[in-house]
Amino acid sequence: MDFDKGIFQDIGYLQAVLMHSPSAILVLDKNTQILEVNPAMEKISSYSREELLDQRKWTELVLSEDRDGLKNMLRMLKADDGSRPEQLQCRFVDRKGNPKTVLLSGTYLPGTKHTILSLIDITEHKETEKKLEVDRSRAEASDRLKTAFLGNLSHEIRTPMNAIVGFASLLQMEELSEDKKSLYLTQIINGSTDLLNLIEKTIVLSRIDLGQIKINRRQFFVNKSLQELTVKYRQILADYGKEDIDLEFLAGTTDNDFVIQADRLRIMEVLNNLLENAVKFTTSGKITFGYAYVEEDQGDGRDSLLFYVKDTGPGIARDKTGIIFDRFVKLVDKNDTVLRGAGLGLAIARDLVELMGGDMWVESNPGEGSKFYFTLPLTFSKAREAEPVHGQARPTYDDWSGRVVLVAEDIETNYLYIKELLSPTRINILRARDGLEAVEIFEKHPEIEIVLMDILMPGLDGYEATQRIRSSRPDIPVLAQTAFTFEGEIQDGLYAGCFTDYIMKPFTRDMLLAGIKKHLVRTT
Ligand code: ADP
């Protein structure tokens, strides 16, 4: 097209094009200061023409990461050596703070040394592109998962099926001893149970994926339901010949009518999965489970329950504590054997907890047992919780507001439990996470009236910490929280002269408050 002779020679036409062009136009002087803009530039940037002309430099509006590219483009345009720079994508933040992406092209006018830049807004296009990219990688991930799922499923089905079909055909053989028959039958029963378990778990998982699991919150009597689990798992331990393993339930409140609005079925399903694993992986020692009431100090004030299942099993390597919640993940034990199970229990447990608004995680180290935790946000506020349960009058507690206790406890759940037990008394709690911190806090706070000291703590233990505390205030009451193994030692006088008294773990609210009261009154 011959522009020299065309109608664009007419300034009126040119002006009309500039005024109505959807592309933004910027004219920059030789120092890249803005000389002129068209209305589309005002629209894209949300700045008025006057504000833009006041801007010292267009380059300063551009995000720092994109500035070098822009400067380079301007330099190439000015070089005017016939090499037209490529269109450039660059980003800036408009006057309202919205990020914008534009496609820039330009031309240099040697006579005036001005540069004309044209900008096309591609922000929406970029966002769609990003969304498509996310959708694509999600679809790919889901595809990979499905393939892995089917691969695993076929393996998990074949294993028990092999046992069922194989031993069933062996049973058909004549002249089998009663022992053999019984062995084969056990294999068939085990295989069938595993298969059923796998089918049930797969159904739950696909229902979770399809969004078919609804959370039904009804009255859930926490202590009563968890006590039922204690009975059930003591029996299971006995069935597996593991009656030497101690199973203990630690209630977060002594109030047996403690009731919350929650989905009992789902919570029990999660706890069952965790307890099944604890029983399966633990060969000696102890399984402890329970919950603590956690008061939410910030946000919407929604309190929560922190459930836990601890065992003295083989533990889990640090780098594996994340993946064990993935589907079909099973770790090998130290003898390189994989125990029975499809690797779906924890995946289901975590999905269910998340559906109920909570989180799930594990703390573990090889050889040190495992501690599985999950939170359950409560659907009522503190005010509602304070209402009498079942019309019964809530027990009354001493009001210790203004009094100060130092609690030295390194384990988070234990501390949460103590905090919950103490909360109705309104006593002011200072917390130390180890012995050294206990001494430091104690020295900074002369208002501390009593100390609750855990014995086993990292660094400085409770015994040494107490001795240091006593060196500055010999008469401060220090109550040791002690596990069973230490009781004899305390009575033998090993700690005589160190602690004022001790409270045996596990303790109830009544035990803890009585222990504190006994020594706190003395100081009033
Ligand atoms: P499954 O349904 O087969 O029991 P899970 O998803 O519950 O599978 O557990 C996955 C893997 O996590 C187990 O195979 C085991 O390697 C590890 N694991 C789970 N719980 C424990 C535990 N309490 N102690 C040690 N390892 C555990």
Side-chain angles (χ1 to χ4, degrees), residues 1-140:
M1 202 193 284
D2 191 349
F3 283 105
D4 290 350
K5 300 193 181 76
I7 54 171
F8 284 136
Q9 283 182 96
D10 186 328
I11 197 79
Y13 275 96
L14 262 183
Q15 224 168 23
V17 170
L18 276 175
M19 296 306 280
H20 297 102
S21 160
S23 299
I25 306 284
L26 270 176
V27 182
L28 307 180
D29 73 6
K30 63 177 195 290
N31 300 318
T32 64
Q33 298 232 1
I34 301 173
L35 273 184
E36 195 50 271
V37 295
N38 72 339
M41 182 62 203
E42 291 181 296
K43 195 165 166 229
I44 289 182
S45 67
S46 304
Y47 284 105
S48 68
R49 174 174 177 269
E50 288 67 34
E51 284 170 326
L52 282 167
L53 298 195
D54 260 5
Q55 288 279 343
R56 283 173 318 254
K57 287 193 172 201
W58 155 245
T59 42
E60 282 169 17
L61 273 182
V62 171
L63 291 192
S64 55
E65 303 97 281
D66 292 351
R67 257 178 230 165
D68 284 347
L70 175 62
K71 283 181 186 161
N72 199 26
M73 180 188 191
L74 293 173
R75 223 175 287 127
M76 281 171 82
L77 286 171
K78 274 188 196 165
D80 201 24
D81 55 6
S83 63
R84 288 192 64 78
E86 300 259 313
Q87 285 188 323
L88 178 79
Q89 265 185 39
C90 86
R91 292 158 302 165
F92 70 94
V93 176
D94 75 7
R95 194 179 195 279
K96 295 175 188 154
N98 300 317
K100 289 279 166 83
T101 308
V102 289
L103 200 59
L104 269 180
S105 52
T107 189
Y108 181 66
L109 304 176
T112 54
K113 297 197 167 137
H114 293 167
T115 307
I116 299 176
L117 290 181
S118 142
L119 291 75
I120 300 172
D121 188 353
I122 55 165
T123 313
E124 265 181 40
H125 172 81
K126 290 300 286 179
E127 271 161 18
T128 316
E129 216 173 69
K130 229 188 270 167
K131 200 177 155 293
L132 282 176
E133 181 52 36
V134 173
D135 288 352
R136 193 172 64 93
S137 46
R138 264 203 208 132
E140 278 174 5

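Note that the coordinates shown come from a computational prediction; the quantities given were computed from them, not determined experimentally.
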Compare all side-chain heavy atoms of Lys126 with those of Arg91 and state whether any distance is below 4.5 angstrom. no
Contact between Leu74 and Leu28 at the side-chain level, heavy atoms closer than 4.5 Å - yes or no? yes
What's the verdict on side-chain contact (heavy atoms from CB on, under 4.5 Å) for Leu61 and Tyr47, showing C-alpha distance, side-chain angles and the deciding distance? CA-CA 11 Å; Leu61 273 182; Tyr47 284 105; 3.9 Å; yes
So, do Tyr108 and Lys113 sit near enough that their side-chain heavy atoms are less than 4.5 Å apart? yes
Could you give the distance from NZ (Lys43) to CG (Asp121), rounded to the nearest 0.5 Å? 8.5 Å
With rounding to the nearest 0.5 angstrom, report the CG to OG distance, Leu18 to Ser118. 10.5 Å
Do the non-hydrogen side-chain atoms of Arg49 and Leu53 ever get within less than 4.5 Å of each other? yes
More than 12 heavy atoms of other residues, nucleotides or ligands under 6.0 Å from CD1 of Ile11: is that the case? no
Answer yes or no: is there a side-chain heavy-atom contact under 4.5 Å between Arg75 and Lys71? yes
Tell me the closest heavy-atom pair linking Val27 and Ile116, and the distance in Å. CG2-CG1, 4.4 Å
Trace of the side-chain contact (heavy atoms from CB on, under 4.5 Å) decision for Glu127 with Thr123: CA-CA 6 Å; Glu127 271 161 18; Thr123 313; 3.9 Å; yes
At what distance, to the nearest 0.5 angstrom, does CE of Met41 lie from OG of Ser46? 10.0 Å
Should Ile34 and Leu26 count as side-chain neighbours, where that means a heavy-atom distance under 4.5 Å? yes
Please report the shortest heavy-atom distance between Pro22 and Ala40, naming the atom on each side. O-CB, 3.8 Å
Please round to the nearest 0.5 Å and tell me the distance separating atom CD1 of Ile44 and atom OG of Ser23. 7.5 Å
Using 4.0 Å as the upper bound for N to carboxylate O, is an ion pair formed by Arg136 and Glu133? yes
Determine yes or no for a side-chain-to-main-chain donor-acceptor pair under 3.5 angstrom, with Asn31 supplying the side chain and Gln33 the backbone. no
What pair of heavy atoms forms the shortest contact from Cys90 to Leu104, and how long is it? SG-CD1, 3.7 Å
Glu124, CD atom: more than 12 neighbouring heavy atoms under 6.0 Å: no
Once rounded to the nearest 0.5 Å, what's the spacing between atom NZ of Lys78 and atom NE2 of His114? 10.0 Å
Are any of the side-chain heavy atoms of Val102 and Ile122 separated by less than 4.5 Å? no
Rounded to the nearest 0.5 Å, what separates atom CG in Leu117 from atom CG in Leu70? 7.0 Å
